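Encoded as structure tokens, the structure appears first; notes follow it.
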Amino acid sequence: MSFLAGLNDAQRQAVDHHAGPLLVVAGAGSGKTRALTHRIAHLIGHHGVDPADLLAVTFTNKAAREMKERLELLLARRLAESQFGQPWGTLSPQQQKQLRSRIYREVTRELWIGTFHALFARLLRFDIDKFRDPDGLRWTRQFSIYDESDAQSLVKEIVTQDLQLDPKRFDPKKVRWAISNAKNQGWLPEQLEAEAQGQRDRKVAEAYRLYRRALAANNALDFDDLLLLPVQLLQQNEQVRNYWHRRFRHVLVDEYQDTNRTQYDLIKLLVTDGRDPAAFTAWEGRSVFVVGDADQSIYSFRAADFTILMGFQDDFGDGATDDQTRTMVKLEENYRSTATILEAANALIAHNSERIDKVLRPTRGEGEPIMLTRCDDEIAEAEAVVHRMRMLEAAHPELRWGDMAVLYRTNAQSRALEESLVRWGLPYLVVGGLRFYDRREIKDVLAYLRLLVNPADTVSLLRVLNVPRRGIGKTTVQRLTDASSQLGVPLWEVVSDPEAVRSLGGRSARGLLQFCELINDLARRAQEAPPAELVQRVMEQSGYVAELIAEASDESEERRRNLQELVNAALQYQEENEEGSLEGFLATAALASDADSKDTAADRVTLMTLHASKGLEFPVVFLVGLEQGLFPSYRSLENPAALEEERRLCYVGLTRAKERLFLSHASERRLWGGMREPAVPSVFLSELPGELLQGDVPGSGGAALRREQRLERLTRVDREESRRVQAGGAGGSPANAVRRRIPARDWAVGDRLCHAVFGEGEVTHLFGSGERVSIAVKFAGMGPKILDPRLAPIEPLA
């Protein structure tokens with residue numbers, strides 16, 4: 001069985017590449033995961049590469065699991081032919097299980113496949129003791145990984161207690177963001193202080209310094225440290241860097257357009273052993289293989305930098321033209337969407353200038369036209385979407401509710417959609433709610449587990465010292481923490497000393513001694529017991545479950561179900577990692593991201609933001625809210641680079657659809673602060689070929705529904721303004737006065753005009769062209785307004 005069989009020419013070229021650098025420009029739905037997994041299989045099965053020599057970086061933990069499963073199946077199928085001489089499908093379940101177990105032991109267990117954070121946390125477990133911190137801070141291999149809420153709590157304590165700063169002036173969340181931003185730039189507190197513009201910046205630098213000390217005192221790292229410390233370690237320690245360079249001879253990176261500068265530095269250090277990539281020539285038996293698509297780079301707010309992908313050819317490649325290069329392959333055949341959807345997506349993204357030129361080619365038929373719906377308002381839009389869903393479900397018995405997704409620019413847009421889905425009784429799921437590992441009961445049990453591995457973790461200790469309640473008061477806790485601070489030892493050393501507890505604990509002493517006995521007993525069992533058993537023991541022996549049972553409320557029952565799901569998560573971890581440890585399970589839990597918990601398998605309509613939809617696909621997609629100022633967002637209107645990212649986001653949305661695509665926009669929408677404002681169609685709609693769109697413009701569904709539900713009184717804040725327009729002689733009803741059509745006119749930036757409601761203003765931007773032009777106008781005392789000059793009550797001023 002050849003691992004090149006069944007691939008198209010471009011995929012085959014990518015998979016068959018052995019040594020040297022290669023950039024794979026992989027368009028949406030072009031089979032990039034297939035190319036990645038077949039390449040790993042080909043390197044191992046054909047070129048005889050040791051699985052331990054491979055490092056594969058994925059964007060999510062879920063993608064890493066899927067890649068391992070696909071790889072196992074690929075290699076097991078080949079083994080079936082060589083060992084049993086018959087196809088995989090003819091083997092018994094027992095034989096199949098036996099083969100997959102063998103592949104796990106010999107191959108996938110040795111592979112390093114995961115996210116940047118997971119892989120380099122693993123590297124630090126080997127070598128963090130060799131890291132030399134400039135401030136003399138130290139960590140051991142048993143370090144805890146603090147998630148964002150842990151980090152926020154620590155920063156808040158430093159800002160309000162250690163530095164005694166006013167949290168209104170020094171918002172802990174903003175201070176935390178500034179620290180994270182500094183770490184992403186590779187800065188230590190000294191560098192942040194050197195860049196300080198005033199007293200406030202110097203205080204933030206001081207908070208950063210205290211935050212690093214607090215992390216070290218707890219033997220803990222935050223997410224940013226999991227990348228920053230490996231970079232610093234590999235830069236400062238030639239022996240460590242050379243070891244990992246020799247170890248990982250083949251480096252593969254998925255979603256390369258979403259890497260940031262720190263991640264790029266890590267790749268360079270591993271691949272070239274710290275040398276300049278352009279001058280590196282020792283490629284024999286070594287490769288760097290990156291897969292990405294600049295057209296799908298949508299995470300700049302997470303410091304992702306798509307110019308890293310754009311610069312690959314200059315950094316590692318041969319720099320030749322696209323048709324001459326030997327270090328770039330384009331995957332342009334799309335296996336997901338219909339030809340109509342692809343033609344629309346190609347036309348849209350062609351308006352971007354910062355990209356590597358490619359055109360997705362369909363492998364499927366033309367498909368249905370794209371439906372475009374204009375609605376009165378967001379209520380009518382939600383009703384139109386749900387009405388269309390019900391019609392599709394009735395007309396196509398094979399369609400499930402889970403085959404449909406609604407995508408929007410901001411989370412706030414889900415409200416009207418949810419209300420409509422509830423009104424009509426359709427099952428739905430909102431992706432992006434509270435993360436499973438952020439729930440209180442889950443964090444409590446994980447804190448117990450972290451304490452078993454890392455007793456120096458004072459944050460976890462303080463979280464569970466009196467949870468469930470043991471009669472340990474705040475005064476006692478303060479006495480204990482004061483003692484640990486004065487002695488310069490971790491809090492656990494004080495709490496676990498019976499004499500110290502008896503002298504400082506007062507009436508709380510008994511509860512403290514019982515707590516220490518519990519932790520010591522669990523810590524002994526942690527040496528041998530698997531993670532799932534430890535989770536169960538913590539829940540039961542701590543009294544946590546007993547307290548939830550005693551509460552006997554719907555909320556406590558829900559929390560019990562969540563804890564049982566944590567046991568299931570530990571069991572799943574054990575199944576995927578035969579030699580899995582408690583440390584490994586805690587790292588998996590800490591590094592689980594929102595993207596890993598996109599449960600779209602249930603038979604429910606999926607509601608999600610466009611950012612959350614990356615990597616998913618649905619037979620039917622509704623893309624709503626296509627209006628200027630909403631999508632693209634206001635913030636992007638004055639920034640060409642930001643507008644290009646918004647266009648890429650729209651491109652991602654279009655290419656999630658496999659069979660049917662529905663676009664919609666509203667004539668007015670309630671925005672921030674409850675104001676209902678006129679809205680104009682998104683410039684992106686004018687960039688789609690008109691012949692691919694089929695209009696479907698409903699009547700005044702939103703207004704009728706408001707009247708029906710007695711919502712009219714508060715849903716039209718422009719009542720008074722509309723009457724003023726009517727009084728000005730526009731004639732007709734207020735709504736008609738606002739929406740009357742006036743002859744087309746050529747507008748230019750700088751033109752002055754008068755709006756019947758907002759007064760005099762100046763045109764600052766033009767969007768679209770010809771009949772589809774929209775204008776941005778700056779009025780005195782308010783933000784920019786995006787107007788359709790054919791509908792808005794405006795008159796030019798001389």
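Not measured: the values here are computed from a predicted model. The figures here come from the full heavy-atom set of this structure, side chains too, leaving out hydrogens, waters and symmetry mates.
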Report, as yes or no, whether the 6.0 Å neighbourhood of atom [atom1] on [X] holds more than 12 heavy atoms from other residues, nucleotides or ligands.
X	atom1	value
Q191	CD	yes
K443	NZ	yes
Q199	CD	yes
R275	CZ	yes

Check ring pair (Phe, Tyr, Trp, His ring centres under 6.0 Å) between F306 and all other residues, then give those that pass, not counting sequence neighbours.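 Counting only residues at least two positions away or on another chain, F306 forms no ring pair (Phe, Tyr, Trp, His ring centres under 6.0 Å).
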Would T410 and Q413 count as a side-chain hydrogen bond (donor to acceptor under 3.5 Å, both in side chains) here? Give the steps. CA-CA 6 Å; T410 66; Q413 289 171 257; 3.2 Å; yes
Looking only at heavy atoms, which two atoms of [X] and [Y] are closest? And how far apart?
X	Y	result
S180	D224	OG-OD2, 2.8 Å
D314	A278	O-CB, 4.2 Å
E645	S300	OE1-OG, 2.9 Å
Y651	D295	CD2-O, 3.5 Å
N260	A303	CB-O, 3.1 Å
V464	A447	CG1-CB, 3.7 Å

Note, [X] side chain near [Y] side chain (heavy atom, < 4.5 Å):
X	Y	answer
E255	Q296	no
M608	L616	yes
R176	D222	yes
L43	F289	no
V288	F312	yes
P632	L637	yes
E66	T33	no
W112	R247	yes

Between [X] and [Y] (side chain of the first, backbone of the second, donor and acceptor by atom type, cut-off under 3.5 Å), is there such a pair?
X	Y	value
R125	F120	no
D127	K130	no
S633	L630	no
N352	E354	no
D150	D147	yes
H250	L54	no
T325	D322	no
R647	I349	no
N218	A214	yes
T272	L269	no

All pairs passing salt bridge (charged side-chain N to carboxylate O under 4.0 Å, His left out) where residues 194-207 contributes a residue, at least two apart: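 For residues 194-207: E206-R209.
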Spacing of [atom1] belonging to [X] relative to [atom2] belonging to [Y], to within rounding of 0.5 Å:
X	Y	atom1	atom2	answer
D305	M310	CG	CE	10.5 Å
F59	Y256	CZ	OH	15.0 Å
L23	M328	CG	CE	6.5 Å
L309	T259	CG	OG1	7.5 Å
E157	L163	CD	CG	11.0 Å
Q257	I356	CD	CD1	10.0 Å

Parallel, tilted or perpendicular: which describes the rings of [X] and [Y], with under 30° parallel and over 60° perpendicular?
X	Y	result
F301	H611	perpendicular
W283	F280	perpendicular
F223	H117	tilted
W139	F131	tilted

How far apart are the C-alpha atoms of E646 and R409, what are their side-chain angles, what is the distance that settles it, and do they pass the side-chain contact (heavy atoms from CB on, under 4.5 Å) test? CA-CA 10 Å; E646 291 284 298; R409 181 63 182 82; 2.7 Å; yes
Candidate pair K32 and D293, rule salt bridge (charged side-chain N to carboxylate O under 4.0 Å, His left out), full reasoning: CA-CA 10 Å; K32 70 180 178 68; D293 180 9; over 6 Å; no
Do the ring centers of W244 and F126 come within less than 6.0 Å of each other?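 So the answer is yes for these two rings.
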Have D254 and T58 got a donor and an acceptor in their side chains that come within less than 3.5 Å?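 The answer is no; no qualifying pair exists.
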If the threshold is 4.0 Å, N to carboxylate O, is there a salt bridge linking R138 and D129?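 No.
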What I want to find out is whether R326 reaches D318 closely enough, with some N-O distance under 4.0 Å, to be called a salt bridge.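 Answer for the salt bridge query: no.
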For L623 and R656: C-alpha separation, side-chain torsions, deciding distance, then whether side-chain contact (heavy atoms from CB on, under 4.5 Å) applies. CA-CA 10 Å; L623 183 45; R656 298 311 93 197; over 6 Å; no
Could you walk me through whether D273 and R241 satisfy the salt bridge (charged side-chain N to carboxylate O under 4.0 Å, His left out) test, starting with their C-alpha distance in whole Å, then the side-chain angles of each, then the deciding distance to 0.1 Å, before giving a yes or no? CA-CA 6 Å; D273 198 14; R241 183 179 69 240; 3.1 Å; yes
Salt bridge (charged side-chain N to carboxylate O under 4.0 Å, His left out) for R212 and D135? Distances and angles first, verdict last. CA-CA 9 Å; R212 290 190 82 242; D135 295 329; 3.2 Å; yes
Apply the test side-chain hydrogen bond (donor to acceptor under 3.5 Å, both in side chains) to residues R65 and N61: give CA-CA distance (whole Å), side-chain angles for both, the deciding distance (0.1 Å), then the verdict. CA-CA 6 Å; R65 287 195 298 272; N61 297 303; over 6 Å; no
Can you list the steps and then say if D457 with R450 is a salt bridge (charged side-chain N to carboxylate O under 4.0 Å, His left out)? CA-CA 7 Å; D457 186 348; R450 288 203 309 216; 3.3 Å; yes
Could you walk me through whether T609 and Y408 pass the side-chain contact (heavy atoms from CB on, under 4.5 Å) check? CA-CA 5 Å; T609 64; Y408 37 76; 3.9 Å; yes
